[in-house]
Number of protein chains: 2
Amino acid sequence: MGTTQLESVPEPKYWHLKTVLNDALDSEFEVGEILPNERDLAARFGVARATLRQALEQLELEGRLQRRRGVGTTVAPPRMGVSVGPSANTWPGAGIDAWETVGCVEAAAPAAIAALLGTAPDQAVHTIRRVRVMRGQPVAAELLYVPPASVPGLPGDLTPATHAPAVLRELHTLELEGEDRSVELGSARADDAKQLDRLPGAPVLVVTARYYAAGRVAAASVSTYRADTCRLTFGDAGAFEVTHHQQDTRQAS
Amino acid sequence: MGTTQLESVPEPKYWHLKTVLNDALDSEFEVGEILPNERDLAARFGVARATLRQALEQLELEGRLQRRRGVGTTVAPPRMGVSVGPSANTWPGAGIDAWETVGCVEAAAPAAIAALLGTAPDQAVHTIRRVRVMRGQPVAAELLYVPPASVPGLPGDLTPATHAPAVLRELHTLELEGEDRSVELGSARADDAKQLDRLPGAPVLVVTARYYAAGRVAAASVSTYRADTCRLTFGDAGAFEVTHHQQDTRQAS
DNA sequence: AAGTGGTCTAGACCACCCC
DNA sequence: GGGTGGTCTAGACCACTTA
């Protein structure tokens, strides 16, 4: 009979560190409070800085921390619940939906977008860039693609300032028959990262949506949400508030 | 007049490396093909192994690679589209929905779950653990919580084998009035990771759902989906197939 | 100028898988 | 036993913010 082997599978240091820090955040820190710097924290826990950073990275991924170069590491507030429909079937840009247009061009869509829209690969489409802001901070960057066939009544005298509003106005004259969406994990491209106030490569939730009218795909959008600060909400019962982070909603079976 | 400064913001090595590898995966490798090992790749690109790993980690996060300890790094197939409703308003466990029950206990729910359900913090609830399998591999691990009040007709003589089916059967006698969901990024806990065939800390998409009946929350579930292999689909137009990865659907504005 | 997080190096050892 | 990816170290320098 050997001794009972409690640590037959010793957990990695960074994993244990993450647990300790997570508990400390709950009990010893307030939202917005700044943590000691990484070199001090590493020394305090007796690990290399890279090991500490591995724990911090996971906590940031889970929305518990926010790190800013040149500033420091702060305790993040709970994630915002962001509705991504379909609460009511509405066209993008209709009503007050917290999106702000930042640009609009007519250009050939990438191959995958053409496949989504069902257009020819080199077909020029209206491409509207928008940003979604909540509580004063950007939460999503979007590219909305509208084939010319969906907006036949578009006037010809368009300036950069009138292009996007005109496309949206024409789009809204169609009857929206349905929409579908998909969500997947991605990393922010350089342009999206800049608009989201993050570094390139930051984790994002990519929402791809298709809008149907007249039996065809009338428009499509690719929205890039900050994964660290957002919780996407769906469904007919409305967005709901939770009081804790998602980790707290899960337990061992 | 100085010279034009093309590289005023030099991109990090790992970022450039990621781009190079991403292109190589498209042009020189097939799905399932095994890559050279990390030490060889690092030497080939003239960088330290840690730097190469930073690039590989991002590519794995984006679903382009699959890495397995003791085996190697392979080119991942496109992500699976996984429907997470509401395609039709149905109770969990109804019909053929690809979930397999692996356990069931009656125990006090964690505080956040009690808040979701609207039950007392120490109220015992039926907790069913299920696993979702697609194409022969696990894609999600779930905990489904059902308060006793939602299944009043539950018989008393329950064995581990009959517990879960009985709870589901009783649940299905209620009329489902609505459901809502939220999606956020998380990292796999040890128990979920084991069932998903991943290491602890692997990125996951956490889907929290509430099911309404008789004007109350009759059940709630927390589902943990593998973020590397899954694209979650929502909406009334049905899951759709895309031919490329999400990166291909995005372009610079 | 000082302090922060971000990137990078060149090693080492460990856990796991397969032969 | 040999090869793989996973963890960890102890440094260095860079980019950015703030004062």
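Throughout, a chain's letter reflects where its sequence line sits, starting with A, and its residues are numbered from 1. This one's a predicted model, so the numbers in the text were calculated from it and none came from an experiment.
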**Item:** A:Pro12 vs B:Asn37, nearer the 5' end of DNA chain D by closest nucleotide
**Value:** B:Asn37
**Item:** Nearest-nucleotide pick for A:Thr73, side chain only, options being C:dG5, D:dG5, D:dT7
**Value:** C:dG5
**Given D:dT4, D:dC8, C:dT7, the nucleotide with the shortest approach to the side chain of A:Tyr14** = D:dC8
**Message:** On DNA chain D, compare the nucleotides closest to A:Gly46 and A:Arg49; which residue's is nearer the 5' end?
**Reply:** A:Gly46
**Message:** Rounded to whole Å, how long is the line connecting atom CH2 of B:Trp15 with atom P of C:dC8?
**Reply:** 12 Å
**Message:** Ring-plane angle category for B:Trp99 and B:Tyr225, please: parallel below 30°, perpendicular beyond 60°, tilted otherwise.
**Reply:** perpendicular
**Item:** Where A:Leu52 and A:Leu41 come nearest, the two heavy atoms and their spacing
**Value:** CD2-CB, 3.6 Å
**Asked** For the pair made of CG in B:Asp40 and P in D:dT4, what is the distance, rounded to whole Å?
**Response** 7 Å
**Prompt:** How many Å lie between CZ on B:Phe45 and C1' on C:dT9, as a whole number?
**Reply:** 18 Å
**Message:** Once you apply a heavy-atom cut-off of 4.0 Å, does A:Leu199 come out as touching a base, just sugar-phosphate, or nothing?
**Reply:** sugar-phosphate
**Listed nucleotide nearest any side-chain atom of B:Ala48, set C:dA10, D:dG5, D:dT9** = C:dA10
**Asked** Is atom CG of B:Asp197 surrounded by more than 12 heavy atoms (other residues, nucleotides or ligands) closer than 6.0 Å?
**Response** no
**Prompt:** Rounded to the Å, how far apart are A:His16 NE2 and D:dT7 C1'?
**Reply:** 16 Å
**Request:** Measure from the side chain of B:Val71, starting at C-beta and using heavy atoms only, and say which of C:dG5, C:dC17, C:dA12 lies closest.
**Result:** C:dC17
**Other residues, nucleotides, ligands: >12 heavy atoms within 6.0 Å of A:Asn37 CG** = yes
**Asked** Once you round it to whole Å, what is the distance between C1' of C:dT7 and CZ of B:Arg53?
**Response** 16 Å
**Prompt:** Over how many whole Å does the gap from B:Arg67 atom CZ to C:dC17 atom P extend?
**Reply:** 16 Å
**Prompt:** If each of B:Arg39 and B:Ala50 is mapped to the nucleotide of DNA chain C with the nearest heavy atom, which maps nearer the 5' terminus, i.e. the 5' end?
**Reply:** B:Ala50
**Asked** B:Leu56 has an atom CG; how far is it from atom P of C:dT7, in whole Å?
**Response** 16 Å
**Item:** C:dT9 OP1/OP2 closer than 4.0 Å to side-chain N/O of B:Thr51
**Value:** yes
**Fill in**
In whole angstroms, the gap separating P of C:dT7 from CG of A:Leu52 amounts to 16 Å
**Item:** NZ/NE/NH1/NH2 to OD/OE distance under 4.0 Å, A:Glu142 and A:Arg132
**Value:** no
**Prompt:** Below 3.5 Å, does any donor atom in the side chain of B:Arg68 face an acceptor in the base of D:dG6, or the other way round?
**Reply:** no
